[in-house]
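In what follows, a structure is listed as structure tokens, so that the remarks can point back to it.
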Amino acid sequence: MVIEFREPTQAEAEIIRDSLLYWVDNDNFLLIDEKYHFVIGDGNWKEVFITNKTTSTFVTGKKRISPYSIGLGIGEIKKNNLLLTLSGGYFISPYTDKRAIINPDAEQLFLYKRDIHCKSIISIKKGLSSEDKVLITNTSNDYLGLGKILLPISDINDPKKEDEVAIKNLIDLGWYLRKGK
């Protein structure tokens with residue numbers, strides 16, 4: 001199926017804005033919105049791409065031009081929500097503080113699709129709670145993937161719970177090596 005690239009509808013633009021505002025504050029969203037241009041790739045599903053205005057204008061709405069991609073695919077719109085891809089997490093990484101920093105041993109395990117135990121978390125943003133999504137980074141602040149918090153933040157530093165899973169691995173950079181399986 002050919003992917004048709006087009007401008008987001010007003011509803012889709014609101015979904016993109018609202019979903020990104022989960023990750024970044026309003027000032028950073030305005031910075032992103034000013035610097036980049038969002039494009040919808042309509043095919044078997046709705047993908048969201050970021051590109052520049054020139055590329056967007058050249059490709060959107062033109063049936064004779066059908067590239068596979070036009071920029072960086074940052075996510076997929078599903079059930080009125082933008083689900084970030086690995087590259088979407090990487091893209092927002094410099095703009096967000098919703099992250100958990102993990103130790104080197106956990107880094108290797110995480111990249112092999114393993115969940116993160118309490119004892120492996122060096123730091124995590126205050127104010128987050130169970131069910132919140134976070135970026136996972138190593139001690140050098142390198143982006144590793146996305147996770148979902150399973151425990152209250154107050155439990156993460158509890159020595160009695162050090163072996164409990166604190167963050168579920170949603171997707172990690174090792175996915176590329178596993179060929180997306």
Side-chain angles (χ1 to χ4, degrees), residues 1-100 110-111 113 124-125 127-137 141-149 167-181:
M1 173 174 208
V2 174
I3 299 173
E4 181 183 332
F5 294 100
R6 60 176 175 75
E7 295 291 322
T9 64
Q10 183 173 347
E12 291 165 341
E14 289 174 13
I15 290 168
I16 294 167
R17 183 195 71 235
D18 293 347
S19 296
L20 288 179
L21 283 172
Y22 167 81
W23 291 101
V24 302
D25 61 25
N26 194 56
D27 289 340
N28 278 321
F29 175 76
L30 293 173
L31 195 79
I32 292 167
D33 195 41
E34 182 181 309
K35 187 174 181 182
Y36 300 99
H37 192 76
F38 297 102
V39 175
I40 300 294
D42 236 338
N44 291 334
W45 52 84
K46 281 186 197 173
E47 294 177 90
V48 178
F49 295 87
I50 53 167
T51 187
N52 59 44
K53 183 69 175 165
T54 304
T55 303
S56 171
T57 303
F58 181 72
V59 174
T60 55
K62 296 188 174 75
K63 302 278 186 212
R64 294 180 59 198
I65 300 173
S66 58
Y68 178 75
S69 177
I70 61 161
L72 182 67
I74 63 165
E76 174 186 346
I77 294 180
K78 203 177 218 177
K79 296 181 183 179
N80 291 327
N81 196 12
L82 174 65
L83 303 175
L84 289 181
T85 59
L86 273 170
S87 54
Y90 179 79
F91 170 73
I92 64 154
S93 185
Y95 301 101
T96 189
D97 60 355
K98 288 190 177 185
R99 69 181 73 236
F110 182 76
L111 292 173
K113 205 174 181 177
I124 190 165
K125 177 166 179 354
L128 293 173
S129 57
S130 295
E131 304 299 311
D132 282 347
K133 293 179 183 172
V134 292
L135 296 181
I136 307 301
T137 62
N141 210 24
D142 297 323
Y143 168 73
L144 303 173
L146 298 165
K148 179 178 170 183
I149 301 172
I167 300 174
K168 177 175 178 44
N169 181 331
L170 296 177
I171 192 163
D172 59 81
L173 291 176
W175 179 87
Y176 290 121
L177 297 175
R178 294 188 301 273
K179 298 182 183 175
K181 295 180 183 179

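Numbers here simply count residues along the sequence, with the first being 1.
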From CA spacing to verdict: side-chain contact (heavy atoms from CB on, under 4.5 Å), Phe38, Asp33: CA-CA 8 Å; Phe38 297 102; Asp33 195 41; 3.6 Å; yes
What do the steps show when you test Ile171 against Leu146 for side-chain contact (heavy atoms from CB on, under 4.5 Å), and what is the final call?
CA-CA 5 Å; Ile171 192 163; Leu146 298 165; 4.0 Å; yes
Would Val134 and Lys125 count as a side-chain contact (heavy atoms from CB on, under 4.5 Å) here? Give the steps. CA-CA 9 Å; Val134 292; Lys125 177 166 179 354; over 6 Å; no
Review item, side-chain donor-acceptor pairs of residues 86-93, under 3.5 Å, at least two apart:
| unit_1 | atom_1 | unit_2 | atom_2 | d |
| --- | --- | --- | --- | --- |
| Ser87 | OG | Gly73 | O | 2.5 |
| Ser87 | OG | Thr85 | OG1 | 3.1 |

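Residue Leu21 comes nearest to Asn26 through the heavy atom pair CD2-CA, 3.8 Å, listed as atom of the first residue, atom of the second, then distance. Listed here is the closest heavy atom pair of Ala13 and Pro8: N-CB, 4.0 Å. Across every non-hydrogen atom of Gly147 and Ile167, the tightest pair is CA-CG2, 3.7 Å.
Contact check for Leu84 versus Trp23: side-chain heavy atoms found under the 4.5 Å cut-off.
Classification of Lys46 and Glu76 as a salt-bridged pair fails, no side-chain N sitting under 4.0 Å from a carboxylate O.
For Asn141, the side-chain contact (heavy atoms from CB on, under 4.5 Å) test picks out Arg99, Thr137, with sequence neighbours left out. With sequence neighbours left out, Leu83 forms a side-chain contact (heavy atoms from CB on, under 4.5 Å) with Lys78, Asn81, Lys133.
Counting heavy atoms of neighbouring residues, nucleotides and ligands inside a 6.0 Å radius, atom CG of Asp18 exceeds 12 of them.
Atom OG1 of residue Thr51 and atom OH of residue Tyr36 lie 10.5 Å apart, to the nearest 0.5 angstrom. Phe49 CZ to His37 NE2: the interatomic distance, rounded to the nearest 0.5 Å, is 13.5 Å. Residue Asp27 holds its CG atom at 6.5 Å from CG of Leu30, rounded to the nearest 0.5 Å. Going from atom CD of Glu131 over to atom CD1 of Ile149 covers 9.5 Å, rounded to the nearest 0.5 Å.
A donor-acceptor distance shorter than 3.5 angstrom exists from the side chain of Asp132 to the backbone of Ser129, with no hydrogens or angles considered. Side chain of Asn169 to backbone of Phe110: a donor-acceptor contact under 3.5 angstrom is found.
Of the listed residues (Asn80, Leu82, Val48, Ile40), just one forms a side-chain contact (heavy atoms from CB on, under 4.5 Å) with Glu12, and that residue is Ile40.
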